A.B. asks: 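Quick one: the structure is below, and I'll ask about it shortly.
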Amino acid sequence: MKTSFETVGVSVRRRCSRVLLAAFLSVAACFAARAQAAGGADRPNILFIFSDDHGTQAISAYGSRINRTPNIDAIAHEGMRFDNCFVTNSICGPSRAVIITGKYSHLNGFYHNRNKLNPDQTMVSRLLQQAGYNTAIIGKWHLTTDPPGFDHYEVLNDQGTYYNPEMFRDGQKVRYTGYTTNIITDLALDWLKDDRDKSKPFFLMYQHKSPHRPWDPAPEYFNVYEDQLIPEPLLLLEDLSARGTPARQSDMQIGETLDDRDLKFIPPAELNAEQLAAWNAAYVPRNARFRDSMLTGDALIRWKYQRFIKDYLRCVAAMDDGIGRVLKYLDDSGLSKSTIVIYSSDQGFFLGEHGWFDKRWMYETSLRTPLLVRWPGVTPPDSFCNAIVSNLDFAPTFLDIAGAKIPDDMQGRSLVPLLRGDNPPDWRTIFYYHYYEYPGWHFVRRHDGVTDARFKLIHFYEPDVNTWELYDVKFDPFEINNLISNPEYDSVKKRLMHQLEERRKALKVTDSDPPESDMGDFPPRTRIKKLAP
């Protein structure tokens with residue numbers, strides 16, 4: 001059991017050395033601050049490793065039951081694992097916009113995936129450039145504009161493809177042959193080894209497409225997990241009829257929503273002849289066996305889960321191997337001691353819980369994202385932190401590490417005190433969330449809410465639903481029992497409603513959402529589910 005001291009900071013076996021460690025770090029921080037103020041060369045490099053839709057339940061450092069991620073785990077074992085890292089808006093583009101601007105969606109203007117990032121606002125990449133860092137982004141960008149504030153960029157065209165990707169390299173279109181996860185890793189290593197300005201500390205955003213839908217594995221991973229039965233999550237076969245209108249109306253069920261492309265009955269259009277032959281050799285016989293089985297009902301849902309989760313985990317495995325290659329280069333080159341390594345994802349992801357895939361909700365599996373940080377000489381190995389942190393805090397953290405001023409319009413806080421094992425008395429105890437993308441993919445209704453990491457209040461505020469939900473995630477981690485009408489929780493409900501109002505005011509949340517006309521056309525393969533009367 002964790003002690004109260006462990007709520008923020010290092011593990012219990014390190015408690016006795018905390019005073020000496022704090023004194024040492026205080027002296028070290030003074031010297032570091034002087035060097036940074038003078039533009040010294042000993043400021044740490046920052047390697048930000050970012051994935052897409054990687055839930056904590058598929059990371060063994062977070063106790064995964066379904067896979068192992070040894071290289072991602074290494075970052076945790078050599079640094080700090082954050083157990084309450086929440087996203088402000090659980091969807092790809094908006095999460096990335098929050099990270100690059102340090103502001104909520106309603107202030108950075110990127111509410112949903114059809115928006116375009118305004119490049120004229122404050123960007124952490126520009127500020128790091130101005131602070132003397134050599135900046136680069138390689139991989140998935142997904143914010144429509146050319147990446148601002150980067151000395152070098154090579155990013156996927158929009159979402160990108162898993163094979164033979166088209167990319168934009170410093171404004172020029174290029175196309176590669178191969179598996180995208182491997183290509184992104186190769187390009188990151190090329191920049192680290194040969195292309196960066198070695199007279200400056202670097203800031204590299206090394207950002208994967210994986211494991212985003214449609215979960216296409218690399219050929220060398222086609223057979224990984226094939227002979228295993230991946231454990232099913234609780235509530236894979238949940239009957240959603242007992243839930244409120246928003247959950248019942250959504251369209252992300254493994255049993256109903258996954259299509260033939262997701263389930264690998266249709267190969268990717270971008271495959272070349274050699275890749276297609278390898279694909280067909282792996283999937284065609286499996287598909288034939290499935291058709292012969294004539295599965296229906298729960299057995300069919302279970303088969304779809306196994307097909308989906310194995311491909312998802314294959315994508316994670318390739319990414320983890322690539323991360324291992326980058327970490328090995330840091331070790332072999334001697335850069336490890338001077339490089340902070342951060343691993344995170346743009347949000348959490350449902351892996352069959354409630355019968356769902358995808359994200360968007362304020363529910364725990366979607367709201368909570370991994371965050372692992374290795375900072376040699378500062379953050380003790382095998383430490384952990386239960387403080388409420390967020391992707392909103394990443395930009396201020398990067399700037400604090402670099403010794404640069406954090407702009408007043410950034411709404412997060414630097415994680416540096418937590419990484420040093422401190423427990424700031426004024427750290428946030430309540431967190432605000434807001435999702436906007438409706439109508440849109442998967443038909444998750446607009447909602448906002450607050451959480452204190454135990455109790456959570458959610459408001460689906462559109463007039464035709466206007467639904468409130470209250471959960472105690474300590475005793476109800478799958479958020480099954482809505483307590484909003486339970487009189488025993490009236491004081492909790494009243495407190496959270498007040499905090500929701502206060503958070504909206506403090507964060508300058510606008511009263512009106514972007515209009516539906518701003519959402520563009522309805523995605524053609526989504527649908528509203530007609531609810532029984």
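It should be emphasised that the depicted structure is a prediction, and the values quoted were computed from it without experimental measurement.
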A.B. asks: Would you check if there is a donor-acceptor pair between the side chains of S51 and Y343 at a distance under 3.5 Å?
C.D. replies: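 Distance-only check passes for Y343 and S51.
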A.B. asks: Can we say D262 and R307 salt-bridge, meaning some charged N sits less than 4.0 Å from an Asp/Glu carboxylate O?
C.D. replies: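 Not counted as a salt bridge, because no side-chain N and carboxylate O are separated by less than 4.0 Å.
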A.B. asks: Determine whether R261 and D216 satisfy the following criterion, salt bridge (Lys or Arg N to Asp or Glu O under 4.0 Å), listing intermediate values before the conclusion.
C.D. replies: CA-CA 10 Å; R261 176 70 185 85; D216 292 335; 2.5 Å; yes
A.B. asks: If you round to the nearest 0.5 Å, how far is CG of N45 from CG of L330?
C.D. replies: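 Atom-to-atom, L330:CG and N45:CG are 8.5 Å apart.
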A.B. asks: Would you check if the side chain of Y225 reaches a backbone N or O of Q306 as a donor-acceptor pair within less than 3.5 Å?
C.D. replies: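 No, because the side chain of Y225 does not come within donor-acceptor range (under 3.5 Å) of the backbone of Q306.
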A.B. asks: Taking the six-membered ring for Trp, are W141 and F150 parallel (under 30°), tilted (30 to 60°) or perpendicular (over 60°)?
C.D. replies: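 Ring orientation of W141 relative to F150: perpendicular.
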A.B. asks: Taking the side chain as C-beta and beyond, is there a heavy-atom pair between Q207 and L156 under 4.5 Å?
C.D. replies: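 Not touching, per the 4.5 Å side-chain cut-off.
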A.B. asks: Testing I137, T397, I342 for side-chain contact (heavy atoms from CB on, under 4.5 Å) with F48, which one passes?
C.D. replies: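 Only one of I137, T397, I342 forms a side-chain contact (heavy atoms from CB on, under 4.5 Å) with F48, namely I342.
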A.B. asks: Just how far is it from atom CH2 of W375 to atom CD1 of I46, taken to the nearest 0.5 Å?
C.D. replies: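 Between atom CH2 of W375 and atom CD1 of I46 there are 8.5 Å.
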A.B. asks: Regarding D409 and Q121, is there a side-chain donor-to-acceptor distance under 3.5 Å anywhere?
C.D. replies: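 No, no side-chain donor-acceptor pair sits under 3.5 Å.
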A.B. asks: With a 6.0 Å cut-off on ring centres, are F431 and F86 close enough?
C.D. replies: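 For F431 and F86, the ring centres are under 6.0 Å apart.
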A.B. asks: Under 4.0 Å between a side-chain nitrogen and a carboxylate oxygen: does that hold for D311 and R314?
C.D. replies: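 A salt bridge links D311 with R314.
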A.B. asks: When rounded to the nearest 0.5 angstrom, what is the spacing between CZ in F308 and CZ in R213?
C.D. replies: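 Answer for the CZ-CZ pair, F308 versus R213, is 9.5 Å.
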A.B. asks: Give the ring-plane orientation class for Y363 versus H354, where under 30° counts as parallel, over 60° as perpendicular and anything between as tilted.
C.D. replies: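 Ring orientation of Y363 relative to H354: tilted.
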A.B. asks: Is the backbone of E270 close enough, under 3.5 Å, to the side chain of N164 for a donor and an acceptor to pair up by distance?
C.D. replies: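 Yes: the side chain of N164 pairs with the backbone of E270.
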A.B. asks: Quick check against the 3.5 Å criterion: does S60 have a side-chain atom that pairs as donor or acceptor with the backbone of R68?
C.D. replies: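 Pair absent, no side-chain N/O of S60 close to backbone of R68.
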A.B. asks: Any side-chain heavy atom of N118 sitting closer than 4.5 Å to one from N108?
C.D. replies: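 Result no, sub-4.5 Å side-chain heavy-atom pair not found.
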A.B. asks: Taking atom types as modelled, find out whether D321 and Y221 have a side-chain donor-acceptor pair closer than 3.5 angstrom.
C.D. replies: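 There is such a pair between these side chains.
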A.B. asks: State, yes or no, whether a side-chain contact exists between V124 and M205 at a heavy-atom distance under 4.5 Å.
C.D. replies: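 Not touching, per the 4.5 Å side-chain cut-off.
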A.B. asks: What's the separation between atom CZ in R286 and atom CD in E226, rounded to the nearest 0.5 Å?
C.D. replies: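 Here the interatomic distance stands at 3.5 Å.
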A.B. asks: Answer yes or no: does atom CG of D194 have more than 12 heavy-atom neighbours from other residues, nucleotides or ligands under 6.0 Å?
C.D. replies: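 Buried by this count: over 12 neighbours within 6.0 Å.
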A.B. asks: Considering the options F350, W215, W441, which one meets the ring pair (Phe, Tyr, Trp, His ring centres under 6.0 Å) requirement together with F357?
C.D. replies: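 Exactly one candidate clears the test, W215.
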A.B. asks: I'd like to know if the side chain of D52 and the backbone of S210 have a donor-acceptor N/O pair within less than 3.5 Å.
C.D. replies: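 A pair under 3.5 Å: no.
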A.B. asks: Where the side chain of T451 meets the backbone of A453, is there a donor-acceptor pair that is under 3.5 Å apart?
C.D. replies: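 Side chain of T451 to backbone of A453, a donor-acceptor pair under 3.5 Å: yes, one is there.
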A.B. asks: Looking only at the side chains, is there a donor atom on one of Q411 and Y432 sitting less than 3.5 Å from an acceptor on the other?
C.D. replies: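 No, no side-chain donor-acceptor pair sits under 3.5 Å.
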A.B. asks: I need the D53 CG to I91 CD1 distance, nearest 0.5 Å.
C.D. replies: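 Rounded to the nearest 0.5 Å, the CG-CD1 separation comes out at 9.5 Å.
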A.B. asks: Does a side-chain N-to-carboxylate-O contact under 4.0 Å join D73 and R81?
C.D. replies: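 So D73 does not pair with R81 through a salt bridge.
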A.B. asks: Any non-hydrogen side-chain atom of S125 less than 4.5 Å from a side-chain atom of I100?
C.D. replies: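 The answer is yes, as the side chains (C-beta and beyond) meet within the 4.5 Å cut-off.
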A.B. asks: Quick check for you: to the nearest 0.5 Å, what is the distance between C85 atom SG and L367 atom CG?
C.D. replies: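 Here the rounded value is 9.0 Å.
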A.B. asks: Taking atom NZ of K328 as the centre, report whether more than 12 heavy atoms of other residues, nucleotides or ligands fall under 6.0 Å from it.
C.D. replies: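 Count not over threshold, so no.
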A.B. asks: Can you find a pair of side-chain heavy atoms, one from H106 and one from Y436, that are under 4.5 Å apart?
C.D. replies: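 When only atoms from C-beta onward are counted, Y436 and H106 do touch, with a gap below 4.5 Å.
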A.B. asks: Which pair of non-hydrogen atoms, one from S390 and one from T88, has the smallest distance, and what is that distance?
C.D. replies: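 For S390 and T88, the tightest heavy-atom pair comes out as OG-CG2, 3.8 Å.
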A.B. asks: Could you tell me whether the side chain of D197 reaches within less than 4.5 Å of the side chain of D151, counting heavy atoms only?
C.D. replies: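 A side-chain contact under 4.5 Å is absent here.
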A.B. asks: Do you know the tightest heavy-atom contact between Q347 and S95?
C.D. replies: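 Here Q347 and S95 meet closest at OE1-CB, 4.4 Å.
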A.B. asks: Exactly one of E232, Q57, E364 should register a side-chain contact (heavy atoms from CB on, under 4.5 Å) with E353. Which one does?
C.D. replies: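 The single option meeting the side-chain contact (heavy atoms from CB on, under 4.5 Å) with E353 is Q57.
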A.B. asks: Donor-acceptor pair, distance only, cut-off 3.5 Å: does the side chain of Q172 make one with the backbone of R169?
C.D. replies: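 Here the side-chain-to-backbone pair does not exist.
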A.B. asks: Donor-acceptor check, side chain of R360 to backbone of Y435, threshold 3.5 angstrom: yes or no?
C.D. replies: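 Between the backbone of Y435 and the side chain of R360 there is no qualifying donor-acceptor contact (under 3.5 Å).
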A.B. asks: Side chains of S64 and T69: does their closest heavy-atom pair fall under 4.5 Å?
C.D. replies: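 No, too far: nothing below the 4.5 Å cut-off.
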A.B. asks: For A58, is there any backbone N or O sitting under 3.5 Å from a side-chain donor or acceptor partner on N67?
C.D. replies: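 Yes: the side chain of N67 pairs with the backbone of A58.
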A.B. asks: Taking the side chain as C-beta and beyond, is there a heavy-atom pair between M362 and H434 under 4.5 Å?
C.D. replies: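 Answer no - side chains too far apart.
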A.B. asks: I'd like to know if the side chain of T185 pairs up with that of Y206 as donor and acceptor (distance under 3.5 Å, no hydrogens or angles considered).
C.D. replies: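 Distance-only check passes for T185 and Y206.
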